[in-house]
Amino acid sequence: QVQIAESGGGLVQPGGSLRLSCEASRFTLNYHAMGWFRQAPGKEREGVSCITRGGGSTYVADSVKGRFTITKDTSKNTVYLEMNGLRPEDTAVYYCAARRTILTTPLSCDALDYSFWGRGTEVTVSS
């Protein structure tokens with residue numbers, strides 16, 4: 001059974017940084033695109049940043065471009081989301097998700113395309 005576990009969330013002041021981790025179990029990142037999504041209270045879940053199985057292509061939402069970076073470490077089967085310059089509007093529950101793909105599958109950061117989800121980690125940006 002596929003397992004995804006997020007960690008690294010917490011309370012941070014505006015302008016601060018956090019690094020979220022997403023550890024995958026019982027499947028390999030080499031065959032899955034991975035994505036970070038977030039959902040704020042009263043809002044729909046949105047794609048924040050996604051990466052192809054090979055790591056050669058990434059998507060970053062306009063709202064976080066220049067501040068957030070997605071990376072993966074296949075040796076640790078872990079995906080990271082480095083978040084800098086955090087703003088109050090970044091407050092949300094952040095979810096990691098996986099999508100089984102083939103080499104030619106275009107990168108998608110649409111939550112509907114992702115089948116396997118973690119339980120989320122909460123990020124609060126407040127002074």
Side-chain angles (χ1 to χ4, degrees):
Q1 183 177 354
V2 168
Q3 292 184 345
I4 295 174
E6 304 97 334
S7 62
L11 172 64
V12 62
Q13 292 186 343
S17 299
L18 284 175
R19 188 176 79 158
L20 304 183
S21 298
C22 168
E23 185 173 357
S25 301
R26 302 183 183 177
F27 72 98
T28 173
L29 298 185
N30 291 331
Y31 296 105
H32 292 78
M34 300 296 295
W36 284 98
F37 301 81
R38 68 184 181 186
Q39 189 164 18
K43 294 188 177 181
E44 293 186 355
R45 190 170 297 189
E46 63 169 334
V48 175
S49 190
C50 298
I51 188 167
T52 52
R53 56 184 262 175
S57 295
T58 60
Y59 164 87
V60 182
D62 288 341
S63 58
V64 304
K65 197 164 290 182
R67 300 188 296 124
F68 290 12
T69 304
I70 187 171
T71 57
K72 60 189 287 187
D73 184 338
T74 54
S75 68
K76 296 181 180 180
N77 224 33
T78 300
V79 178
Y80 303 97
L81 184 67
E82 190 75 38
M83 306 188 296
N84 299 310
L86 283 162
R87 305 168 180 170
E89 54 264 39
D90 295 318
T91 295
V93 178
Y94 284 71
Y95 299 91
C96 180
R99 179 194 186 197
R100 178 78 184 225
T101 61
I102 59 175
L103 285 174
T104 55
T105 304
L107 180 62
S108 166
C109 214
D110 185 336
L112 294 176
D113 290 329
Y114 285 74
S115 303
F116 309 107
W117 291 82
R119 294 186 176 183
T121 184
E122 191 166 357
V123 172
T124 302
V125 184
S126 175
S127 55

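Predicted model only: the values in this text are computed from it and were never measured. Excluded from the calculations below are hydrogen atoms, water molecules and symmetry mates; all remaining heavy atoms, backbone and side chain alike, are included.
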- line: Hits for ring pair (Phe, Tyr, Trp, His ring centres under 6.0 Å) against F37, two or more places apart or cross-chain, chain-then-number order -> Y114, W117
- prompt: Can you list every pair that meets disulfide bond (SG atoms under 2.5 Å apart) and has a residue in residues 67-106, with sequence neighbours left out?
  reply: C22-C96
- prompt: Which salt bridge (charged side-chain N to carboxylate O under 4.0 Å, His left out) pairs, counting each pair once, include a residue from residues 112-127, with sequence neighbours left out?
  reply: none
statement: Note: I70 and M34 closest approach over all heavy atoms is CD1-O, 4.1 Å
- prompt: side-chain hydrogen bond (donor to acceptor under 3.5 Å, both in side chains) with N84: which residues, sequence neighbours excluded?
  reply: S17
task: Find the distance between OH (Y94) and CG (L81) and round it off to the nearest 0.5 Å.
output: 7.5 Å
message: Going by side-chain hydrogen bond (donor to acceptor under 3.5 Å, both in side chains), name the residues that satisfy it together with D73, two or more places apart in sequence or in a different chain.
response: S75
From T121 atom OG1 to Y95 atom OH, the distance as rounded to the nearest 0.5 Å: 10.0 Å
query: Any disulfide bond (SG atoms under 2.5 Å apart) pairs touching residues 55-95, not counting sequence neighbours?
result: none
- request: Using ring pair (Phe, Tyr, Trp, His ring centres under 6.0 Å) as the criterion, list what pairs up with F27, not counting sequence neighbours.
  value: H32
Counting only pairs under 3.5 Å, give me each side-chain donor-acceptor contact of residues 46-57, with atom names and distances, residues two or more places apart or in other chains.
unit_1 : atom_1 : unit_2 : atom_2 : d
E46    : OE2    : R38    : NE     : 2.7
E46    : OE2    : R38    : NH2    : 3.2
S49    : OG     : Y59    : O      : 2.8
T52    : OG1    : G55    : N      : 3.3
T52    : OG1    : G56    : N      : 3.3
T52    : OG1    : S57    : N      : 3.2
T52    : OG1    : S57    : O      : 3.4
R53    : NE     : N30    : O      : 3.1
R53    : NH1    : T101   : O      : 2.6

field: All side-chain contact (heavy atoms from CB on, under 4.5 Å) counterparts of T78, not counting sequence neighbours
entry: S21, E23, K76, Y80
field: Pairs satisfying salt bridge (charged side-chain N to carboxylate O under 4.0 Å, His left out), at least one member in residues 57-70, at least two apart
entry: D62-K65, R67-D90
query: Would you say L29 and L107 are hydrophobically clustered, going by side-chain heavy atoms of ILVMFWY under 4.5 Å?
result: no
statement: side-chain contact (heavy atoms from CB on, under 4.5 Å) filter on E89, not counting sequence neighbours, yields R87
- prompt: Got a sec, which residues hit side-chain contact (heavy atoms from CB on, under 4.5 Å) with S126, two or more places apart in sequence or on another chain?
  reply: L11, T124
